[in-house]
Amino acid sequence: MPQGEGLALYAAAVEAGALGLPLLEVGTYCGRSTILLAGAAREAGVTAITVDHHRGSEEQQPGWDYHDPETVDPEIGRMDTLPTFRRTLHKAGLEEHVVAIVGRSPQVAKVWGGRLGLVFIDGGHTDEHATGDYEGWAPHLAEGGLLVIHDVFPDPVDEWTGQAPYRVYLRALESGAFTEVSATDSLRVLRRTGAGI
C-alpha cells in the first residue's frame, strides 16, 4: 500500500474509532494495513479485527506478478501468510490490539453478530470475492461508520487488480446508503448515511 493511501486509511480508522466500535479489515495478507488499523484502534480503545484465509488472493499465487515464494508453506506447497502476519504484529508491538480471524470472509460475516465502526475491503479482486466481502460486511457497518475500499481502478485495463473493487464502490454509491468522504489514489472512503447495501 503506497504511503498516501496508508495515511488515508489511518485517518479513516482514527475517525471511525471515535464511534467506539471495532474496526474490521478483510484481507490481511502479511499485515501492513493491519498495523495502521491497530494503531488507530489502540488510540481509540477499540479492537482491530482482521479476516483472511491466509492462502493468498488470485494474483498472489505462483506464476503471477505479485507472488512471493517466501510465503509458500514448504510442507504443503500452498501459500500461508499467517506466520509472516504474526511476526509483523509482534514487531510492531500491536498484538494485544488485534483479533485475527482465519477463515473465508463470507463464512465469517455470516456468523458475525456485532456492529462495526469501519469495514476495510481489501481481499480478493474477482467479482465473486469483492462482492461477497461487500454483501457480507456492509450490513454490519453502523450508521456513520466508514466503508473503505482499496484497489479501486476505473480503467478496464486493470481488470485483475481493481475492476471488481471499482464495481463494488459504484454499487455502494448507487445504493444511496453511502456517501463518498474521500479518494486517495486507489483508496475510497465512504460513510454510511442510510440503510441498505
Side-chain angles (χ1 to χ4, degrees), residues 1-2 5-17 19-60 66 68 71 73 78-126 129-142 145-152 164-165 168 186-190:
M1 174 176 289
E5 294 178 351
L7 291 172
L9 173 62
Y10 180 75
V14 167
E15 180 182 336
L19 294 173
L21 297 168
L23 312 175
L24 182 129
E25 163 186 59
V26 178
T28 312
Y29 190 53
C30 294
R32 176 180 273 175
S33 55
T34 310
I35 289 174
L36 299 170
L37 294 180
R42 176 178 56 193
E43 285 183 35
V46 299
T47 300
I49 299 160
T50 186
V51 178
D52 199 315
H53 49 68
H54 288 280
R55 294 295 185 204
S57 297
E58 309 77 28
E59 72 277 5
Q60 295 164 340
Y66 295 100
D68 179 357
T71 61
D73 180 332
R78 293 187 66 198
M79 294 222 13
D80 185 0
T81 57
L82 185 57
T84 305
F85 164 67
R86 297 216 35 171
R87 285 190 294 275
T88 299
L89 271 189
H90 175 74
K91 289 175 186 174
L94 291 166
E95 288 177 292
E96 66 186 76
H97 302 285
V98 177
V99 172
I101 300 174
V102 179
R104 300 205 172 268
S105 170
Q107 290 172 309
V108 177
K110 282 182 186 177
V111 298
W112 186 261
R115 307 302 288 160
L116 298 164
L118 178 139
V119 170
F120 176 42
I121 297 177
D122 192 22
H125 291 80
T126 64
H129 293 131
T131 300
D133 293 341
Y134 175 70
E135 291 178 350
W137 292 106
H140 298 290
L141 191 59
L146 297 178
L147 173 66
V148 183
I149 307 170
H150 193 224
D151 295 325
V152 174
V168 165
S186 76
L187 190 84
R188 302 294 184 275
V189 179
L190 310 175

Residues in side chain to side chain donor-acceptor pair (under 3.5 Å) contact with [X], at least two apart in sequence or another chain:
X     : answer
Thr84 : Arg87
Glu5  : His150, Ser186
Thr50 : Glu25, Thr28

How long is the straight-line distance from [atom2] of [Y] back to [atom1] of [X], given to the nearest 0.5 Å?
X      : Y      : atom1 : atom2 : value
Asp122 : Leu9   : CG    : CG    : 8.5 Å
Glu96  : Leu89  : CD    : CG    : 11.0 Å
His125 : His129 : NE2   : NE2   : 11.5 Å
Glu43  : His97  : CD    : NE2   : 10.5 Å
Phe85  : Asp80  : CZ    : CG    : 12.0 Å

- Message: I'd like to know whether Val98 forms a side-chain contact (heavy atoms from CB on, under 4.5 Å) with Ile49, so could you lay out the CA-CA distance, the side-chain angles of the two residues, the decisive distance to 0.1 Å, and finally the verdict.
- Response: CA-CA 6 Å; Val98 177; Ile49 299 160; over 6 Å; no
- Item | Partner residues of Glu95 under the salt bridge (charged side-chain N to carboxylate O under 4.0 Å, His left out) criterion, sequence neighbours left out |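 In terms of salt bridge (charged side-chain N to carboxylate O under 4.0 Å, His left out), with neighbours along the sequence ignored, Glu95 is linked to no residue.
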Could you go through residues 100-112 and list every donor-acceptor pair under 3.5 Å that involves a side-chain atom there, pairing it with any protein atom two or more places apart or in another chain?
residue : atom : partner : partner atom : Å
Arg104  : NH1  : His53   : NE2          : 3.3
Ser105  : OG   : Asp133  : OD1          : 2.8
Ser105  : OG   : Trp137  : NE1          : 2.9
Trp112  : NE1  : Gly114  : O            : 2.9

- Task: Please step through side-chain contact (heavy atoms from CB on, under 4.5 Å) for the pair Val168 and Ile149, ending with a clear verdict.
- Result: CA-CA 8 Å; Val168 165; Ile149 307 170; 4.0 Å; yes
- Message: Set out, in order, the CA-CA distance, both residues' side-chain angles and the distance that settles side-chain contact (heavy atoms from CB on, under 4.5 Å) for Leu190 and Leu146, then state yes or no.
- Response: CA-CA 6 Å; Leu190 310 175; Leu146 297 178; over 6 Å; no
- Item | ring-ring contact (aromatic ring centres under 6.0 Å, His included) partners of Tyr134, counting only residues at least two apart | none
- Dump the intermediate steps for side-chain contact (heavy atoms from CB on, under 4.5 Å) on Leu24 and Val51, then the final yes or no. CA-CA 8 Å; Leu24 182 129; Val51 178; 4.1 Å; yes
- Query: So, does Thr81 use its side chain to make a donor-acceptor pair with the main chain of Cys30 at under 3.5 Å?
  - Reply: no
[X]: side chain to side chain contact (heavy atoms under 4.5 Å, CB included) partners, not counting sequence neighbours:
X      : result
Ala13  : Leu23, Leu37, Ala40, Leu118
Pro139 : Ile197
Ala11  : none
Ala142 : Leu21, Arg115

Looking only at heavy atoms, what is the nearest atom pair of [X] and [Y], with distance?
X      : Y      : value
Pro165 : Ala130 : N-CB, 4.2 Å
Tyr10  : Gly39  : CE1-C, 4.0 Å
Ala12  : Val148 : CB-CG2, 4.2 Å

Report yes if some heavy atom in the side chain of [X] is under 4.5 Å from a heavy atom in the side chain of [Y]; otherwise report no.
X      : Y     : value
Thr88  : Ile35 : yes
Leu94  : Arg42 : yes
Leu116 : Pro22 : yes

